Amino acid sequence: KVLVIGACGQLGTELTLKLRDLFGVDNVIASDLRDPAELIADGPYERLDVMDKESLDLIIDQYQITEIYHLAAILSAKGEQAPKMAWDLNMNSLLNVLEAGRKGVKKIYWPSSIAVFGPDTPSNQTPQHTVMNPNTVYGISKLAGERWCEYYHQKYGVDVRSLRYPGLIGYKAQPGGGTTDYAVDIFWKAIMDGSYECFLRADAKLPMMYMDDAVKATVELMQADADKVTVRSSYNVSAMSFSPEMIYEAICKRYPDFKITYTPDFRQEIADSWPNSIDDSQARKDWGWQHDFDLDQLVGTMLDNLEAILVSAK
Ligand code: VAH
C-alpha cells in the first residue's frame with residue numbers, strides 16, 4: 001500500500017491520481033491536514049499531521065504501508081513569511097518519514113527543488129554537483145533534507161529517492177505559497193480577467209516544467225532499478241526555462257488583447273537567487289529521463305483545459 005502525504009497540494013493531487021491509476025484506488029491512501037480535495041475524495045483518505053510521529057506510525061501500521069510519497073512542505077514565498085514554522089515542518093516531517101523507512105517502509109519519495117541553489121551557484125545549465133548556498137528558509141530546508149536523505153540511505157540503507165523540481169505548472173490543483181506560482185495564475189487571469197499583474201520582473205527567467213512531466217519523472221525514478229539510482233541526495237530535472245514575458249507572449253497568440261503589468265515584490269529576490277536553467281544530464285543518463293512538454297505545448301494544454309473548466313463557470 002502507498003501513502004501520499006500532502007495529497008491535497010498542487011503536486012500531491014496529481015501524483016495521487018496517477019498512483020491510483022497505476023496501483024488501484026484502494027492501494028493508495030491519500031492524506032493531508034485538511035479534508036480531502038474533491039479530485040481525490042473517491043479513495044482511501046486520512047487526515048494526518050505528519051509532524052505527529054505517533055499518528056504517522058499508526059497509519060503506516062493500520063494500512064501496512066510499504067511506500068511513502070512525502071510532499072507536505074511550506075514553499076519558498078510562505079517560508080520567508082514564517083521561517084521557524086517552515087523549518088520545523090519541512091525538516092521534522094521528513095525525519096519522521098525517514099525513521100519510518102528504517103522500520104519497514106520499503107521506498108520513500110521526497111521532493112527537493114531548484115531552491116537548493118543560491119546566488120553564487122552557476123546559474124546557466126546548473127550542474128548536478130555544484131556550489132549550494134541557498135538564502136531562503138525553504139531552500140535551506142531542502143538542502144538539509146537532501147543531506148538527511150543521503151545519510152539515511154548510506155547509514156541505514158533506506159531507499160529514499162528525490163528530484164529537484166523546477167517550477168511546476170498544472171491546472172488540476174492550485175499551487176500554494178511558491179515563487180513560481182505566477183506561471184499558473186497568469187492562465188486564470190488571461191481567461192477570466194484579460195489582464196494580469198505579475199509579481200516578478202518581465203525578464204525573470206526560471207526553470208519550469210509541466211505537471212504531467214513532473215509526475216512522469218517521479219514515477220519513473222521510483223520505478224527505476226535501485227542500482228540505476230546513483231544520486232541519493234536529489235536529481236536535477238528540467239524541461240524548459242521561461243520568463244514572465246515569454247509565457248505572456250505565448251498566451252497572447254490565443255489571447256491577443258491580454259494585458260500584463262509587472263510589479264516585482266519580495267519574491268523577485270527569491271527568483272534572483274535561483275538558476276536560469278538546469279543541467280539534468282545525470283537523470284537522463286541514469287534512468288532515461290526525458291521531458292515531453294515544451295513551452296508552446298504547456299501553454300496550449302493549460303489554456304485548453306482551463307477554458308473547459310472556466311468558460312462554463314464564467
Ligand atoms: C516554489 N514552486 O516556488 C516552488 C518551487 C522551484 C519552485 O520550489 O517555492
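Remember, it's 1-based here, ligands and their atoms both numbered in the order they're listed. Reckoned from all heavy atoms, side chains included, excluding hydrogens, waters and symmetry mates. Computed from a predicted structure; not experimentally measured.
Using a 4.0 Å cut-off to heavy atoms of Thr180, the atoms of ligand 1 that qualify are 2 (N), 3 (O), 7 (C). Shown in contact with Leu75 at under 4.0 Å from a heavy atom are these atoms of ligand 1, numbered in order with element: 9 (O). Per-residue contacts place Ile114 under 4.0 angstrom from the following atoms of ligand 1 (heavy atoms of the residue considered): 6 (C). Listed by number with element, the atoms of ligand 1 under 4.0 Å from a non-hydrogen atom of Tyr138 are 5 (C), 8 (O), 9 (O). Those atoms of ligand 1 that come under 4.0 Å of a heavy atom in Gly178, given as number and element, are 1 (C), 3 (O), 9 (O).
Distances shorter than 4.0 angstrom do not occur between any heavy atom of Pro175 and any atom of ligand 1.
Here the straight-line distance linking atom CD of Glu46 with atom OG of Ser31 works out to 8.0 Å at 0.5 Å rounding.
Just one residue in the list Gln125, Arg164, His129 forms a side chain to side chain donor-acceptor pair (under 3.5 Å) with Asn236, and that residue is Arg164.
Both tests do not hold together for Arg161 against Tyr109: distance to the six-membered ring centre under 6.0 Å, angle to the ring axis within 45°.
With respect to the salt-bridge test (charged N to carboxylate O, under 4.0 angstrom), the residues Arg232 and Asp159 qualify. Ion pairing between a basic and an acidic side chain is recognised when a charged N comes within 4.0 Å of a carboxylate O; Lys216 and Asp212 show no such pairing. Checked for salt-bridge contact, Arg47 and Asp35 meet the test: a charged N lies under 4.0 Å from a carboxylate O.
Side-chain contact annotation: Thr263 with Glu197, donor-acceptor N/O pair under 3.5 Å present.
Ligand 1 has no N or O atom lying under 3.5 Å from any N or O atom of Trp274, backbone or side chain. When only interatomic distances are considered, the shortest N/O to N/O separation between Tyr165 and ligand 1 does not fall below 3.5 Å. For ligand 1, the polar-atom distance check against Asp181 finds no nitrogen or oxygen pair separated by under 3.5 Å.
In Ser76, the parts holding a heavy atom less than 4.0 Å from any atom of ligand 1 are both the side chain and the backbone. Only the backbone of Pro166 comes within 4.0 Å of ligand 1, judged by heavy-atom distances.
Of the protein's heavy atoms, Thr179 N, 2.6 Å lies nearest to atom 3 (O) of ligand 1.
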Next on the checklist: Before you tell me yes or no, could you show the steps for Lys228 and Asp225 under salt bridge (Lys or Arg N to Asp or Glu O under 4.0 Å), namely the whole-Å CA-CA distance, both residues' side-chain angles and the distance that decides it to 0.1 Å?
Outcome noted: CA-CA 5 Å; Lys228 289 201 169 48; Asp225 294 342; 3.6 Å; yes
